[in-house]
Amino acid sequence: MKTYQIPVPTFDLDHTLRCGQVFRWRESKDGWIDIVIKAKQEGDVLIVKSNLDMEDVMSYFRLSDDLDDIYKHISKDEVMNEAIARYRGMRLIRQEPWECLISYLCSINNRIPQIERMIQNLSTYFGEEICDGFYSFPSPERLAEATRSELEKCKLGFRVDWILGIAKKVCDGELILNQLRNLDYQNAKEMLMKIDGVGHKVADCVLLYSLDKLEAFPVDVHIRRLTQREYFQNQEVSDEIIREWAKGYFGDYAGYAQQYLFYYERSRGGKR
DNA sequence: AGCCAGGTTGCGG
DNA sequence: CCGCAACATGGC
């Protein structure tokens, strides 16, 4: 276990881990913990304990993203400015694509606590025990050799066959997720959407959260509700219209805008 | 009890 | 291209 103290100019660990993009981090008395990483923030310093190299930690938290420049690009209106003011320092996280894909398949027509439970179940049933009580996310190989009824124990619902199918594709080399990084956004999205169970939303999530496509703008119920209310005068417009609008309105960093708006919309509970 | 949740698919128009 | 229901699970 190595310890890093990383100076971070514009960064907020709490917002970054609470905004709904990752599903395995837990908050404890002394900071945050994932399977192999512990992290806490003291002022402008991020303190990390992990076996990872420093550069991997920097990469994971996207500490090289120029947030102030990104804010300049997406600060288009009062709604966006309010979201930025509230969550200043929130960064996207660069996730591992395989885990990201399965995680967002679990997100389909689901709630966050249950998504977290499914991922926890998958890990304890099919992952490897790293240290007592902590299990890694299962490998594609391990999931591909699982039976349907074994997977059903994880309470995945109708997602079981999709997940099995994807695991097999990855094992066969038919789907090489990291390769999609080399394609542009449109082409990578087309490839992802050939996968059974992957539509626009899941594809955009995987592209944004794990494949560095910052223009991806995942449209889910919350983003749809907020966008129609704040930008379309309560008109009902299709998701395709919303995606096209976001691309033109927010530009290359639409994905960052999406994350701020998503968190903003989800945490305005009760406030009309 | 019925509706909804970080949707997708397959169907009929 | 559009809208629509079904899909498994669980919380309110």
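Within every chain, numbering begins at 1; the chains are lettered A, B, ... in the order of the sequence lines, protein sequences first and strands thereafter.
In this structure, the ring of A/F217 has its center no less than 6.0 angstrom from the ring center of A/Y185. Separation of the A/Y256 and A/F250 ring centroids does not fall under the 6.0 Å cut-off.
The CD1-P distance, from A/I241 to C/dC1, rounds to 12 Å in whole Å. When the P atom of C/dC7 is taken as reference, atom CZ of A/R159 falls 14 Å away, rounded to whole Å. Spacing between atom CG of A/D161 and atom P of C/dA6 amounts to 20 Å, rounded to whole angstrom units. For A/I163 and B/dG7, the CD1 to P distance is 15 Å, given to the nearest whole Å. Between the CD1 atom of A/I108 and the C1' atom of C/dA5 there is a distance of 16 Å, rounded to whole Å. In this structure, A/N109 atom CG and B/dT9 atom P are separated by 13 Å, rounded to whole Å. As a whole-Å value, the separation of A/F158 CZ from C/dC7 P is 11 Å. Rounded to a whole Å, the NZ atom of A/K194 is 14 Å from the P atom of B/dT9.
A/V198 comes within contact range of the sugar-phosphate backbone alone, with a heavy-atom separation under 4.0 Å but no base atom that close. If you check every strand for non-hydrogen atoms under 4.0 Å, A/E236 touches nothing. At the heavy-atom level, A/E152 lies nowhere under 4.0 Å from the strands shown. Across all strands shown, A/G20 has heavy atoms under 4.0 Å from base atoms, whether or not it also approaches the sugar-phosphate. If you check every strand for non-hydrogen atoms under 4.0 Å, A/Y263 touches nothing. At a threshold of 4.0 angstrom between heavy atoms, the contacts of A/V160 with the nucleic acid are absent. Nucleic acid contact class of A/R224 (heavy atoms, under 4.0 Å, all strands): none. Across all strands, A/L261 comes closer than 4.0 Å to no nucleic acid atom at all (heavy-atom distances).
Taking 4.0 Å as the cut-off between side-chain N and carboxylate O, A/D65 and A/R91 do not count as a salt-bridged pair.
Which of C/dA8, C/dG10, B/dT9 sits closest to the side chain of A/R111 comes down to C/dG10. Closest approach to the A/S238 side chain among B/dG7, C/dC2, B/dA5 is made by C/dC2 (side chain taken as heavy atoms from C-beta onward). Counting only heavy atoms from C-beta on, A/Q114 has its side chain closest to C/dT9 among C/dC2, C/dT9, B/dC4. For A/K155, counting side-chain heavy atoms from C-beta on, the closest listed nucleotide (B/dT8, C/dG11, C/dT9) is C/dT9.
Using the six-membered ring where Trp is involved, A/Y231 and A/W245 have ring planes that are tilted, between 30° and 60° apart.
Across A/N187, A/V198, A/V202, a single residue satisfies side-chain contact (heavy atoms from CB on, under 4.5 Å) together with A/L192, and that is A/V198.
Both A/N110 and A/D196 sit near DNA chain B, but only A/N110 has its closest nucleotide nearer the 5' end. Residue-to-nucleotide proximity on DNA chain B shows that, of A/I195 and A/P218, the 5′-proximal contact is made by A/P218.
Heavy atoms from other residues, nucleotides or ligands lying under 6.0 Å from CG of A/D77 number more than 12.
Regarding contacts with the backbone of B/dA5, a side-chain N or O of A/R225 is found under 4.0 angstrom from either OP1 or OP2.
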